[in-house]
Amino acid sequence: MVADEILAGEQRRVAGLVELRSLEAVPDFVVGVDAAYVDDDDNQVSVAVGSAVVVDTKSFEVVEEATSTMSVMGYRPGLLGLREAPVLLAAIDKLSTVPELVVCDGHGVAHPLRAGLACHVGVGLGVPSVGCAKELFVGDHGELGRERGAVEFIVEGGEVVGAVVRTRNDVKPVYVSPGHLIDVEACVRVVLALTPRFRLPETTRAADQLARRAEKTVRL
DNA sequence: GCGACAG
DNA sequence: ATCTTGTCGC
């Protein structure tokens with residue numbers, strides 16, 4: 001279909017704008033984003049509620065929250081960024097805080113076209129972004145140690161696109177990859193710094209809770 | 001051709 | 001992602 005070619009082109013455009021570079025220190029405040037949906041009967045359109053939270057990386061307290069709602073295209077593997085990034089960016093825009101680093105619930109360059117959700121958010125904002133997903137999408141990696149802090153690179157097509165990180169002892173790991181203006185090594189440091197108690201980053205947990213809280217308020 | 005497929 | 005209470009197990 002012609003529409004698919006347009007979407008693929010947009011994905012390639014974003015991938016072409018991604019820049020990988022080191023990021024030394026984890027900022028004092030990190031933004032977490034997520035979304036909850038009310039799917040339409042078919043799966044062509046959905047009402048999405050995007051959420052953005054600002055978390056203090058020292059106390060892990062949420063210091064600011066914002067949400068945004070809009071209709072978006074239905075879900076399709078590989079196109080999450082096109083579906084979700086717009087609502088997330090709208091929610092981030094409502095924050096009074098200027099984002100220094102954004103953590104997304106999905107992959108960054110560990111994507112077939114190197115254009116995961118975190119890439120769309122980072123490029124769209126011009127701010128460093130990290131992708132932290134709960135499931136592997138592309139690539140392979142060696143066996144991971146069972147203790148918190150264990151790390152294995154995710155390799156696809158001969159290149160390192162991310163890392164598998166064990167955030168809690170004997171608990172299913174998370175899959176991290178750069179979205180924009182950051183590198184794999186820094187992504188690992190950021191995710192470990194944001195997981196003092198649970199498997200997922202505090203930013204993701206807070207954003208997830210806010211999104212589903214706001215989603216229940218949506219009236220059709 | 002077949003299977004797999006983030007959230 | 002979403003439908004969803006109690007319950008099994010450490």
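Computed from heavy atoms alone, side chains included, the values below leave out hydrogens, waters and symmetry copies. Proteins come first, then strands; the chains are lettered A, B, ... in the order of their sequence lines, and each starts at number 1. Remember, it's a predicted structure, so these values are computed and weren't measured experimentally.
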Report task. Check the distance between B/dA4's P and A/Arg76's CZ and give it to me in whole angstrom. Result -> 19 Å
Report task. Mind checking A/Gly131 for me? I need base, sugar-phosphate or nothing, with any heavy atom below 4.0 Å counting as a touch. Result -> nothing
Query - Worked check of salt bridge (charged side-chain N to carboxylate O under 4.0 Å, His left out) between A/Lys134 and A/Asp34 - result: CA-CA 13 Å; A/Lys134 300 181 288 296; A/Asp34 193 20; over 6 Å; no
Query - Interatomic distance where CD belongs to A/Glu156 and P belongs to B/dA4 [whole Å] - result: 18 Å
Requested in this report: Would you kindly give the CG-to-P distance between A/Asp39 and C/dT2, to the nearest whole Å?
Outcome: 8 Å
Query raised in the report: Can you tell me if A/Ser22 and A/Glu185 form a side-chain donor-acceptor pair at under 3.5 Å?
Result: no
Query raised in the report: How would DNA chain C look in dot-bracket form, 5' to 3', counting Watson-Crick and G-U wobble pairs with both distances under 3.5 Å and writing | for bases paired to another strand?
Result: ..........
Query raised in the report: Is the shortest side-chain N/O distance from A/Tyr75 to OP1 or OP2 of B/dA6 below 4.0 Å?
Result: yes
Report task. Keeping the roles fixed (side chain from A/His180, backbone from A/Pro128), state whether a donor-acceptor pair exists under 3.5 Å. Result -> no
Query raised in the report: Is the backbone N or O of A/Gly106 less than 3.5 Å from a side-chain atom of A/Glu84, with the two atoms forming a donor-acceptor pair by type?
Result: no
Requested in this report: Using only side-chain N and O atoms of A/Lys134, determine if any of them is under 4.0 Å from OP1 or OP2 of B/dA6.
Outcome: no
Query raised in the report: Do the numbers put A/Arg197 on top of the ring of A/Phe60, so that NZ or CZ is under 6.0 Å from the six-membered ring centre and no more than 45° off the axis?
Result: no
Query raised in the report: To the side chain of A/Arg212, which of C/dT2, B/dG7, B/dA6 is closest?
Result: C/dT2
Requested in this report: Whole angstrom is fine here: how far is it from CG in A/Leu82 over to P in B/dA6?
Outcome: 15 Å
Report task. Select one nucleotide: of C/dT2, B/dG7, B/dA6, the one nearest the side-chain heavy atoms of A/His111. Result -> B/dA6
Report task. Could you tell me whether A/Arg83 contacts a base, only the sugar-phosphate backbone, or nothing, with contacts defined as non-hydrogen atoms closer than 4.0 Å? Result -> base
Query - A/Arg212 (side chain) donor-acceptor with A/Ala36 (main chain) under 3.5 angstrom - result: no
Requested in this report: Report the C-alpha separation of A/Lys172 and A/Glu135 in whole Å, then their side-chain angles, then the decisive distance to 0.1 Å, and conclude whether the salt bridge (charged side-chain N to carboxylate O under 4.0 Å, His left out) test is met.
Outcome: CA-CA 9 Å; A/Lys172 181 182 173 67; A/Glu135 303 283 352; 3.5 Å; yes
Report task. Quick one: label A/Ala110 by what it contacts on the DNA or RNA (base, sugar-phosphate, nothing), any heavy atom closer than 4.0 Å. Result -> nothing
Query raised in the report: Apart from A/Leu95 itself, what residues make up its hydrophobic cluster, given side-chain heavy atom links below 4.5 Å?
Result: A/Phe29, A/Val31, A/Val33, A/Val54, A/Val63, A/Tyr75, A/Leu80, A/Leu88, A/Leu89, A/Ile92, A/Val102, A/Leu117, A/Val121, A/Leu125, A/Val127
Query raised in the report: Base, sugar-phosphate, or nothing: which does A/Leu88 touch, judged by heavy atoms less than 4.0 Å apart?
Result: nothing
Report summary line: Intra- and inter-strand pairing of DNA chain B, written as dot-bracket with Watson-Crick and G-U pairs under 3.5 Å and | for the latter, reads .......
Query raised in the report: What pair of heavy atoms forms the shortest contact from A/Leu101 to A/Val30, and how long is it?
Result: O-CG1, 3.6 Å
